[in-house]
Amino acid sequence: MRTFAMLSLGWFAAACGRTTLDHVSVVDSGRDTATVADAVRIAVADSAARPPDSGSCQWTFAPQVSYPAAWSPWSLAVGDFNGDGVPDVAATSVDETYNSVAVWLNNGDGTFAPPVTYALTSSSPYANSWTVAAGDFNGDHKLDFAVVGDTDSTGGILFGRGDGSFAPEVPFAISSAGAEGIAVDDLDGNGKPDLVVATGGQSVGVLLNPGDGSFSQESTYAAGGGAWTLALADFNGDGHLDLAVAASPNGVSVLTNQGDGTFTPPVTFALRSTNQVNVLVAGDFNDDGHPDLACTFFQSHGVAMWLNRGDGSFAPEVDYSTGYWPTGIAVADFDGDGRTDLAVANSFVYDSGVSVLLNAGGGTFPTQVTYATGSCPNDIATADFNRDDHPDLAVANTGDQTLGILLSVCR
């Protein structure tokens with residue numbers, strides 16, 4: 001469990017039935033989270049792949065449509081799990097006795113079938129949270145799930161069958177008794193998605209994939225502080241994915257990839273805010289071709305931005321207010337002007353919603369529009385769910401045990 005914001009977290013637990021805010025949100029600048037052979041399939045679920053045209057209308061979001069979940073959803077993943085060309089949604093969920101991944105298959109028009117759940121057995125049923133990511137780990141061109149929990153020194157892989165169903169979980173070992181987040185991408189250049197795990201301690205773990213989903217023995221790297229949320233991108237422009245990690249008590253560390261999936265010692269920069277980072281993402285916010293960083297601050301109700309100078313170093317922090325208790329964060333061009341925007345899930349029980357921060361150019365975000373969601377949205381993801389070439393939103397409403405879908409509409 002995280003050690004920050006204990007008063008606020010206690011209130012969050014009482015209101016929404018959770019005790020941590022563990023999450024990972026990854027936006028990769030130009031590389032997919034599965035093999036190259038799956039690029040077309042993943043591109044369907046890539047929120048920034050085809051920016052909308054704003055010339056004829058103003059893009060906004062329709063009211064949320066809610067889909068019941070068997071238990072409170074926590075962490076989201078999107079991808080085409082049954083091979084029909086449209087993105088589906090998966091969410092981990094935890095109750096006192098049963099951990100699972102729920103899968104909502106897309107009907108093809110942005111509506112979803114009832115969820116099918118798959119048991120998670122590699123960690124204690126008393127885990128506070130599970131985090132999920134998708135990738136083709138065994139090279140069969142079918143998307144799989146990687147999951148980690150925050151109580152035990154194991155994670156798991158659920159191999160996809162290609163029809164939207166998944167085989168039972170296969171465990172893999174991690175060094176720390178409890179993982180706070182996971183990221184997936186090809187780190188060593190072999191075309192196979194690898195795993196990075198935020199241990200919740202002072203390190204991150206890297207598990208390289210030989211191509212069959214078996215993974216190498218974990219290599220650990222100092223994170224420059226307590227590690228709990230990750231972002232992968234090529235920050236220094238050398239063609240290799242680097243690692244950014246939130247490093248408690250009050251910093252962000254960047255570990256440079258040496259090209260083979262090994263990493264240099266962290267370079268850590270301090271945050272101006274007194275709050276720790278909740279969720280960290282990467283994206284090109286000022287349109288200069290270099291991935292920048294953004295994060296949510298739970299206690300101070302805001303988003304922080306660091307623009308990349310082009311060499312992997314970052315300009316000073318710029319802060320923007322959001323709704324109360326921001327948790328998850330997603331990146332896409334939501335208003336169709338060709339600039340990368342932000343969507344933030346605000347999890348305060350009495351004012352739950354999504355804040356969309358619109359990019360005015362140069363990586364500045366003066367305009368914010370808020371949309372209602374279900375209770376206590378913990379995570380947020382974006383994809384084109386109804387095949388209109390415009391990014392939509394999915395939210396994990398932990399408080400009222402629903403998946404929320406907000407479709408983009410032209411007005």
Side-chain angles (χ1 to χ4, degrees), residues 23-36 42 46 48 131 133 135 146 179-199 202-209 215-216 218-248 251-271 277 279-295 304-317 329 331 340 363:
H23 171 93
V24 61
S25 181
V26 179
V27 177
D28 177 9
S29 61
R31 300 180 67 169
D32 297 320
T33 56
T35 63
V36 175
I42 299 298
D46 182 355
T131 304
E180 303 291 334
I182 191 169
V184 173
D185 215 316
D186 178 18
L187 301 176
D188 58 0
N190 70 349
K192 312 299 180 183
D194 308 304
L195 300 179
V196 184
V197 178
T199 65
Q202 299 294 308
S203 64
V204 293
V206 174
L207 294 90
L208 298 179
N209 183 0
F215 297 101
S216 64
E218 179 186 17
S219 299
T220 58
Y221 300 88
W228 68 90
T229 180
L230 308 165
L232 293 171
D234 179 12
F235 295 115
N236 62 356
D238 66 355
H240 307 298
L241 290 179
D242 307 308
L243 172 63
V245 56
S248 65
V252 171
S253 295
V254 176
L255 289 74
T256 299
N257 190 338
Q258 300 182 98
D260 57 358
T262 63
F263 291 84
T264 62
V267 176
T268 302
F269 55 93
L271 311 183
V277 175
V279 176
L280 185 68
V281 295
D284 184 8
F285 302 120
N286 60 351
D287 200 30
D288 65 353
H290 304 294
D292 311 304
L293 286 170
C295 77
M305 179 79 57
W306 300 272
L307 297 180
N308 191 339
R309 295 188 176 102
D311 59 358
S313 66
F314 294 86
E317 172 187 340
I329 185 171
V331 175
T340 302

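Bear in mind the structure is a predicted one, so any value in this text is a computation, not a measurement.
A donor-acceptor pair under 3.5 Å links the side-chain atoms of Asp292 to the main chain of Phe285, judged by distance alone.
Residues passing the side-chain contact (heavy atoms from CB on, under 4.5 Å) test with Asp287 are Asp284, sequence neighbours excluded. Shown here are the side-chain contact (heavy atoms from CB on, under 4.5 Å) partners of Ala146, two or more places apart in sequence or in another chain: Phe137, Ile157, Ile182, Leu195. Applying the ring pair (Phe, Tyr, Trp, His ring centres under 6.0 Å) criterion to Phe314, with sequence neighbours excluded, gives Phe235, Phe269. Partners of Gln258 by side-chain contact (heavy atoms from CB on, under 4.5 Å), not counting sequence neighbours, listed by chain and number: Asp260, Thr262, Thr264. In this structure, the side-chain hydrogen bond (donor to acceptor under 3.5 Å, both in side chains) partners of Ser253, at least two apart in sequence or on a different chain, are Thr268.
Leu230 pairs in a side chain to side chain contact (heavy atoms under 4.5 Å, CB included) with only one of the listed residues (Leu280, Val184, Thr131, Val204), which is Val204. Shown are Asp185, Leu232, Asp188; of these, the side chain to side chain contact (heavy atoms under 4.5 Å, CB included) with Asp194 is made only by Asp188.
The distance from atom OG of Ser219 to atom CG of Leu207, rounded to the nearest 0.5 Å, is 8.0 Å. We find the CG-CG distance between Asn308 and Asn286 to be 8.5 Å, quoted to the nearest 0.5 Å. Between Phe263 atom CZ and Thr220 atom OG1 the span is 12.5 Å, to the nearest 0.5 Å. One finds the NE2 atom of His290 at 11.5 Å from the CG atom of Leu307 (value rounded to the nearest 0.5 Å). Rounded to the nearest 0.5 angstrom, Trp306 CH2 and Leu271 CG are separated by 5.0 Å. Between atom CG of residue Leu187 and atom NZ of residue Lys192 there is a gap of 14.5 Å, rounded to the nearest 0.5 Å.
The two residues Met305 and Gly363 come nearest to each other via the heavy atoms CG-O, 4.4 Å. The two atoms that bring Ala282 and Val331 nearest to each other are O-CG2, 4.5 Å, heavy atoms only. Scanning both residues, Ala315 and Arg309, for their nearest heavy atoms gives CA-NH2, 3.7 Å. Contact detail for Gly261 and Val206: the closest heavy-atom pair is O-CG1, 3.9 Å. Taking every heavy atom of both residues into account, Gly205 and Glu218 meet most closely at CA-OE2, 3.0 Å.
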Decide yes or no on side chain to side chain contact (heavy atoms under 4.5 Å, CB included) for Val245 and Thr229, but give the supporting numbers first. CA-CA 6 Å; Val245 56; Thr229 180; over 6 Å; no
After noting the C-alpha distance and the side-chain angles of Asn257 and Leu243, does the key distance pass the side chain to side chain contact (heavy atoms under 4.5 Å, CB included) rule? CA-CA 7 Å; Asn257 190 338; Leu243 172 63; over 6 Å; no
